[in-house]
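All remarks here apply to the structure that follows.
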Amino acid sequence: MRCPKCGSDDTRVIDSRMQDKANAIKRRRECRACSYRFTTFERCEDPIEVIKSDGTRQPFDRNKLLVGLMRATSKRDIDLSTLNGLIDGIEQDIRSKPFTAVSSHDIGDMVLKRLESIDKVAYIRFASVYRDFKDIDEFVEELNKLR
């Protein structure tokens with residue numbers, strides 16, 4: 001692992017801990033050249049394929065989903081660990097199925113299902129982009145479902 005500060009590849013692991021219900025390992029590292037300390041995460045590489053609405057396929061990118069969730073929850077009192085937990089739950093649900101390809105529509109539904117119990121404003125923000133509301137009536141209809 002290269003040091004993000006000086007670029008040296010002479011680093012050592014100081015501490016390792018299981019994260020996310022044993023789906024990841026968090027490692028605290030130290031560069032032997034400059035003594036800079038940093039954290040890395042290791043996750044199991046079992047690729048999930050996302051089938052987009054136009055039929056194309058691409059690898060599941062948890063960071064892309066996290067960015068969308070961060071936009072939906074901006075200026076809301078929701079911490080990053082909650083969002084990461086939400087994504088971990090979605091990944092776990094997908095991996096528990098016998099196939100590793102999932103439609104983007106199914107992922108969006110999983111996100112909305114979880115966001116509804118976390119924060120209703122974030123739910124509406126995410127739904128407005130995910131469901132691509134065409135007019136105010138669709139927006140109001142979704143609000144009425146939440147009531």
Side-chain angles (χ1 to χ4, degrees), residues 1-134 138-139 142-143 145-146:
M1 179 63 61
R2 290 191 185 274
C3 172
K5 187 174 181 183
C6 74
S8 171
D9 59 359
D10 187 15
T11 62
R12 69 184 184 102
V13 175
I14 298 170
D15 184 40
S16 293
R17 295 177 190 223
M18 298 299 260
Q19 294 288 119
D20 306 328
K21 300 176 188 163
N23 289 336
I25 297 174
K26 178 180 179 181
R27 297 197 192 278
R28 192 72 181 139
R29 297 179 179 267
E30 181 179 46
C31 176
R32 292 186 178 173
C34 69
S35 299
Y36 182 70
R37 291 187 176 197
F38 58 100
T39 303
T40 60
F41 292 88
E42 292 179 23
R43 293 190 182 277
C44 179
E45 184 69 28
D46 186 13
I48 297 170
E49 206 171 33
V50 178
I51 305 166
K52 306 296 277 181
S53 56
D54 64 1
T56 60
R57 293 174 177 248
Q58 67 182 45
F60 176 78
D61 184 357
R62 72 179 283 123
N63 290 328
K64 185 175 177 182
L65 185 54
L66 181 61
V67 167
L69 285 168
M70 288 173 71
R71 283 188 190 130
T73 59
S74 88
K75 297 184 182 178
R76 305 296 298 161
D77 191 24
I78 300 169
D79 61 1
L80 192 58
S81 64
T82 302
L83 298 181
N84 277 315
L86 186 148
I87 296 170
D88 290 341
I90 289 171
E91 278 190 273
Q92 192 172 22
D93 283 356
I94 295 168
R95 291 183 196 285
S96 69
K97 296 184 176 20
F99 46 86
T100 57
V102 64
S103 73
S104 58
H105 178 77
D106 290 343
I107 292 173
D109 287 344
M110 288 183 220
V111 170
L112 287 177
K113 181 180 161 189
R114 287 166 171 80
L115 267 181
E116 186 175 4
S117 64
I118 294 172
D119 187 277
K120 300 227 185 301
V121 172
Y123 172 93
I124 287 296
R125 286 177 176 174
F126 192 87
S128 69
V129 174
Y130 162 64
R131 294 211 172 121
D132 192 26
F133 296 147
K134 301 288 186 240
E138 290 180 15
F139 193 85
E142 193 67 34
L143 282 172
K145 285 180 192 176
L146 281 176

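Keep in mind that this is a model prediction, so the values were computed, not measured. Computed from heavy atoms alone, side chains included, the values below leave out hydrogens, waters and symmetry copies.
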What distance do [X] atom [atom1] and [Y] atom [atom2] have between them, rounded to the nearest 0.5 Å?
{"X": "Arg62", "Y": "Asn84", "atom1": "CZ", "atom2": "CG", "result": "5.0 Å"}
{"X": "Asp106", "Y": "Lys97", "atom1": "CG", "atom2": "NZ", "result": "8.0 Å"}
{"X": "Ile124", "Y": "Glu142", "atom1": "CD1", "atom2": "CD", "result": "5.0 Å"}
{"X": "Arg12", "Y": "Arg29", "atom1": "CZ", "atom2": "CZ", "result": "11.5 Å"}
{"X": "Thr73", "Y": "Tyr123", "atom1": "OG1", "atom2": "OH", "result": "16.0 Å"}

Start with the C-alpha distance between Val121 and Arg125, add both sets of side-chain angles, then the distance that settles side-chain contact (heavy atoms from CB on, under 4.5 Å), and finish with yes or no.
CA-CA 6 Å; Val121 172; Arg125 286 177 176 174; 3.9 Å; yes
Can you check whether [X] reaches [Y] side chain to side chain, under 4.5 Å on heavy atoms?
{"X": "Ile94", "Y": "Glu91", "value": "no"}
{"X": "Ile118", "Y": "Leu83", "value": "no"}
{"X": "Tyr36", "Y": "Cys6", "value": "no"}
{"X": "Thr11", "Y": "Glu30", "value": "no"}
{"X": "Phe38", "Y": "Lys5", "value": "no"}
{"X": "Leu69", "Y": "Leu86", "value": "yes"}
{"X": "Asp77", "Y": "Asp119", "value": "no"}
{"X": "Arg27", "Y": "Met1", "value": "no"}

Tell me, with the steps shown, if Val102 and Glu49 meet side-chain contact (heavy atoms from CB on, under 4.5 Å).
CA-CA 6 Å; Val102 64; Glu49 206 171 33; over 6 Å; no
Heavy-atom pair of closest approach, residues [X] and [Y]:
{"X": "Leu115", "Y": "Ala122", "result": "CD1-O, 3.8 Å"}
{"X": "Ala101", "Y": "Ile51", "result": "CB-CD1, 4.0 Å"}
{"X": "Lys52", "Y": "Ser104", "result": "CA-OG, 3.8 Å"}
{"X": "Phe126", "Y": "Leu112", "result": "CD2-CD2, 3.7 Å"}

Counting only heavy atoms not in Arg2, do more than 12 sit closer than 6.0 Å to its CZ atom?
no
Ion pair present between Arg114 and Asp93, side-chain N to carboxylate O less than 4.0 angstrom?
yes
Decide, yes or no, whether a salt bridge links Asp15 with Lys26 under the criterion of side-chain N to carboxylate O below 4.0 Å.
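Salt bridge absent between Asp15 and Lys26.
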